[in-house]
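Residue numbers begin at 1 in each chain, while the letters A, B, ... track the order of the sequences.
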2 protein chains.
Amino acid sequence: MSTFSFETDPTRYRHWKLTVEGETARLVMRVDEEGGLREGYVLKLNSYDLGVDIELADAVQRLRFEHPEVRVVVVTSGHERAFCAGANIPMLALSTHAWKVNFCKYTNETRLSIEDASARSGQRYLAAVNGPCAGGGYELALACDTIVLVDDGNSAVSLPEVPLLGVLPGTGGLTRVVDKRKVRRDRADVFCTLAEGIKGKRAVQWGLVDAVAPKSKFVQAVEEQVARLAKLPRPVERKGPGIKLPPLGVEEGEGKLRYRHVEVSVDAVRRVAEVTVLGPEGEQPATAEAIQAAGAEQWSLRAFRELDDAMLRLRFFWPEVGLVLLKTRGNGEAVWEADEGLHQHRGHWLANEILALQARVLRRLENSAKSFFAVIEPGSCFHGVLLELALLSDRVYMLNDPTKPVHVALSAANRGAMPMAHGLSRLQVRFAGDPARLEALLVRDGLLDTEAAEEAGLVTIAPDDLDWEDELRVAIEERVSLSPDALTGMEASLRFVGPENCDSKIFGRLSAWQNWIFQRPNAVGETGALSLYGKPTRPSFDYRRC
Amino acid sequence: MSTFSFETDPTRYRHWKLTVEGETARLVMRVDEEGGLREGYVLKLNSYDLGVDIELADAVQRLRFEHPEVRVVVVTSGHERAFCAGANIPMLALSTHAWKVNFCKYTNETRLSIEDASARSGQRYLAAVNGPCAGGGYELALACDTIVLVDDGNSAVSLPEVPLLGVLPGTGGLTRVVDKRKVRRDRADVFCTLAEGIKGKRAVQWGLVDAVAPKSKFVQAVEEQVARLAKLPRPVERKGPGIKLPPLGVEEGEGKLRYRHVEVSVDAVRRVAEVTVLGPEGEQPATAEAIQAAGAEQWSLRAFRELDDAMLRLRFFWPEVGLVLLKTRGNGEAVWEADEGLHQHRGHWLANEILALQARVLRRLENSAKSFFAVIEPGSCFHGVLLELALLSDRVYMLNDPTKPVHVALSAANRGAMPMAHGLSRLQVRFAGDPARLEALLVRDGLLDTEAAEEAGLVTIAPDDLDWEDELRVAIEERVSLSPDALTGMEASLRFVGPENCDSKIFGRLSAWQNWIFQRPNAVGETGALSLYGKPTRPSFDYRRC
């Protein structure tokens, strides 16, 4: 049973205050020291834990849907002594390895969602850094489009993880410093080993921030940047009214979650979860007006919000589940209609927003340390955006029985609208070695039965009715018997065929190194730097490099 | 003091036999079971340890320099029961974490050197897989251009690491299966979890090998591929005679290595090494004939072979050394002349070969788990290819004293001839955020004094004479006090700005995950799969995924 929820809303925030005034929103961080998600630590100096980040993720999401008119979001601090001190260290030191990894992954996804809001919706983020800004605090600023730092002789930006904690800045900091802000690599080296960080003009010269201003002119400097960002062109025109995102109202049972369109069933003994997405019913919105009118209740949005919530729960509440069977049930044509409606009107702000959310949710799945098998059976509806569930899976099983026909179909969703972290579509990745097959498939309309889908390269294994159950049972048993760590590394290496970019480097290169360091005695051993942080004893290291 | 050498030659091989006949070379693996580099394991079924791989690396290097006429290298097995069973598991189980990481890094570099021989010199590799080919054995085949597998009902290719050992194929296998051979990712998933591997026609259909042939037609099938590969165009014309690579004749002392052009001095207490590269003396080869005549004795080749050997010794024999101070001494103009001679005649096979070797050695440095500070003082010669030593360093210190002038200079070596693992030049990486500065620098000839170098963005810190010693001393002390693991992860994240390709993904994404797994109890704990391999007890896992 869950001990906390990934759902919240601004009326329930303990750590943030969100206000909207015209085209500008303000997101003020003032972390409640005693408001930690778990016992045993105090959230001093605007340091954060998962609970703080859940609110931030909620705010970023709501701003996109509920306030389409907002052009600029100012992120700043309401704490008198700090902008943000980063992830709470006592919380990390108390956490299991699995929690640390999952926590960093979630906070990384939140920061990527900020960049996604800027890139796909033109909702720009400005970090108004009005106090010391360390570690995860600076990483939050790095996720923003623009950083303005107060020049008060005290406030610096810093990544003190390496010198103080013996771990990496775990939320994309290293990658964003060199790959996003393109700080010269030797300067980045100095910066990332300098516990006290860098302030004032030098921070601008090195590209660590975009502007500095003395305290007396800070508000003005921020407003200048707001004005500049507000004038930037946006990918789509965004006019209100926004739509409210209602609570998902999940029903929880023993090993069960039931949402309106998503059902989760966990077999804890076998360490397998089934996630079934139900297709939409009835007519799907075909006009911009209908999309706007259907709002948060339309299947394309609601089902994916539910799937997102389900995936987060699987990560945090059922870590021992190693394999997720992805299933669908319902009317494939209705999925196709919903997709096509959105794509035809993707110039409408809400259609654009729903497509972006679907893409993010699919990336969250594929970035999870779980194996995925898609199970395509009669009654399923792996069409369009739901076919992406199969394409992101490590394997696709599809029944091959002429008496029980089953079909898949492409929609616009499969033709580039749901990019993976590195920017390629899942079909591009799948057919990296066979571009002719990709071209042929992309122009193909209509249903593909099992043989056609297999011939097209969409299916891994297509057993007949006689073998179906045994084949799946054996595959499932084998999968869950394997080393969970080896599977995580293997899947991370096989899923992301193709070139890497800043986003994918954060999860590939940077996170893998961080996970390694989070296991090393030099960080988490008795005399490790993370274990001893804040204590009088100095860490002692095994200095052998490897 | 070193316990083994990275230098060898074919007369001393214990595990390989190299024969050359016309344009075809044969490299036959027959590992001496009792010939392990260390005690405690038997190299059964053509399994390998570092000693076996040192011989392979030597053969690949010599074929390029000593046999330029060779167009195709056939790698095959002289063992009656196996092509190659991969890295020796008892050896891995006996090894420290640092050894495992360094071993995998070295074997990865060897496989990349095979691909480099093909790409830069047109010396193609054919894996004639005449028996079972598992794990590192298949990864060796994957590094070759073409794989022919015998179809004898028994011989399969396989990557059984995940199902049998709970670790990853550590030598690029996962990445090469999907990113080089572009095997469909769901098929790769099946293959990488199938202990027995895949054989026969299915191996061809899935793209795991290029051809299969029954035993009776295997020789013929291999010869057909040899003939095809021999006809492929080559980047440069390659005609003999080759040049012999003589032993380097290093002199070893307590914490000292002295080569002709490279000096190493290790301060084990401070955990710092100084590596000084001496510039060339006298006239440098300016014509193709002179390059050929100077052969292995020319500075450009000899100095970089020495530097390579020194770096390997630092990795394996001095793991506790965390910081390498890179220095140079000598005549910068002569470095420039040597560079320009090679570049003007880069269409000559030997010039091309020397440039390729210099590039590989520089990549070996930058891929080492050591920090590098370049120290540019009076008397140094950081010109051209030696300036790359500064550009690969994490920081560059350059004395700024008008009474003791010091200069750096570019040559053709800095303008794209020394690509990093991901294909960009170090100047492109350095100025990723400032292309205008890059353009201005690239067209700049002549010497840059400290102020000009700093202005150009080449220098991190330029203390004056008064501060020089203190500044360096403090920086060194600070660096070696930091967590070695955090530094490794930080440097891996800051050094490789820009897009990633197959090569860089192997060291970034794949190796980082492997290193993580090599620390996990599920692999190396008492009941871990790697620890228990070959023993009657089954491993037991902590199944929490993260």
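For the pair A:Ala390 and A:Val396, the tightest heavy-atom approach, listed with the atom from each and the gap, is O-CG2, 3.3 Å. Across A:Val480 and B:Tyr543, no two heavy atoms sit closer than the pair O-CE2, 3.1 Å. Residues A:Leu441 and A:Ala456 share a closest heavy-atom pair of CD1-CB, 3.9 Å. A pairwise comparison of heavy atoms in B:Asn522 and A:Pro484 identifies ND2-CG, 3.4 Å as the closest pair. Of all heavy-atom pairs spanning B:Thr488 and B:Ala369, the tightest one is OG1-CB, 3.8 Å. Smallest separation of non-hydrogen atoms from B:Leu482 and A:Pro163: CD2-CA, 3.6 Å.
If you measure heavy-atom distances from A:Val321 to chain B, the contacts under 4.5 Å come from the backbone alone. The contact between A:Val497 and chain B is made by backbone and side chain atoms together, counting heavy-atom distances below 4.5 Å. Of the two parts of A:Ala98, the backbone and the side chain both hold a non-hydrogen atom closer than 4.5 Å to a non-hydrogen atom of chain B. With a threshold of 4.5 angstrom between heavy atoms, A:Leu165 does not approach chain B through any atom at all. Using a 4.5 Å cut-off between heavy atoms, B:Ser393 contacts chain A through its backbone alone, with no side-chain atom that close. For A:Leu391, the part sitting under 4.5 Å from any heavy atom of chain B is the backbone (N, CA, C, O) and nothing else. Both the backbone and the side chain of A:Phe496 come within less than 4.5 Å of a heavy atom of chain B. Looking at B:Leu164, neither its backbone nor its side chain comes within 4.5 Å of chain A, counting heavy atoms on both sides. Both the backbone and the side chain of A:Arg395 come within less than 4.5 Å of a heavy atom in chain B. For A:Val101, the part lying under 4.5 angstrom from a heavy atom of chain B is the side chain only. Residue A:Asp434: no heavy atom, backbone or side chain, is found under 4.5 Å from chain B. When heavy atoms are compared at a cutoff of 4.5 Å, A:Val459 approaches chain B solely by way of its backbone atoms N, CA, C and O. Heavy atoms closer than 4.5 Å to chain A are found in the side chain of B:Asn102, but not in its backbone. Residue A:Ser504 touches chain B through both its backbone and its side chain, counting heavy-atom pairs closer than 4.5 Å. Of the two parts of B:Ser368, neither the backbone nor the side chain holds a non-hydrogen atom closer than 4.5 Å to a non-hydrogen atom of chain A. For chain B, the nearby parts of A:Asp485 are the backbone and the side chain; heavy atoms of each come within less than 4.5 Å.
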Would you check, one step at a time, whether the test side-chain contact (heavy atoms from CB on, under 4.5 Å) holds for B:Leu208 with B:Arg202? CA-CA 8 Å; B:Leu208 297 164; B:Arg202 201 186 192 193; over 6 Å; no
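Among the candidates B:Gln519, B:Arg520, B:Arg187, the residue making the largest number of heavy-atom pairs closer than 4.5 Å to chain A is B:Arg520. In terms of heavy-atom pairs under 4.5 angstrom with chain A, the leader among B:Ala492, B:Pro499, B:Gly322 is B:Ala492. For the options A:Val429, A:Thr193, A:Val167, A:Leu510, heavy-atom pairs under 4.5 Å to chain B are most numerous at A:Thr193. Ranking A:Arg315, A:Glu491, A:Met490, A:Glu320 against chain B, the residue ahead of the rest is A:Met490, based on heavy-atom pairs under 4.5 Å. Contact count versus chain B (heavy atoms, under 4.5 Å) is highest, among A:Arg181, A:Arg271, A:Lys182, for A:Arg271. Note on B:Lys505, B:His422, B:Glu161, B:Lys100: by heavy-atom pairs under 4.5 Å with chain A, the leading option is B:Lys505. Heavy-atom pairs under 4.5 Å with chain B peak, among A:Glu478, A:Lys105, A:Arg479, at A:Arg479. Each of A:Gln514, A:Arg495, A:His97 has some count of heavy-atom pairs under 4.5 Å with chain B, and the biggest count is that of A:His97. When each of A:Ala529, A:Ala188, A:Cys192, A:Ser481 is checked for heavy-atom pairs under 4.5 Å with chain B, A:Ser481 comes out on top.
Within a 6.0 Å radius of CD in B:Glu196, other residues, nucleotides and ligands contribute more than 12 heavy atoms. Within a 6.0 Å sphere centred on CD of B:Glu455, other residues, nucleotides and ligands contribute 12 heavy atoms or fewer. Summarising the local packing, CZ of A:Arg544 is surrounded by 12 or fewer heavy atoms from other residues, nucleotides or ligands at distances under 6.0 Å. Other residues, nucleotides and ligands place more than 12 heavy atoms under 6.0 Å from the CZ atom of B:Phe316.
The residues B:Arg509 and B:Glu500 are annotated as not salt-bridged, no charged nitrogen and carboxylate oxygen being separated by less than 4.0 angstrom. Between A:Asp186 and B:Arg430, at least one side-chain nitrogen of the basic residue sits less than 4.0 Å from a carboxylate oxygen of the acidic one, meeting the salt-bridge criterion.
Ring orientation note: the planes of A:Phe373 and A:Tyr397 are tilted relative to one another, at an angle of 30° to 60°.
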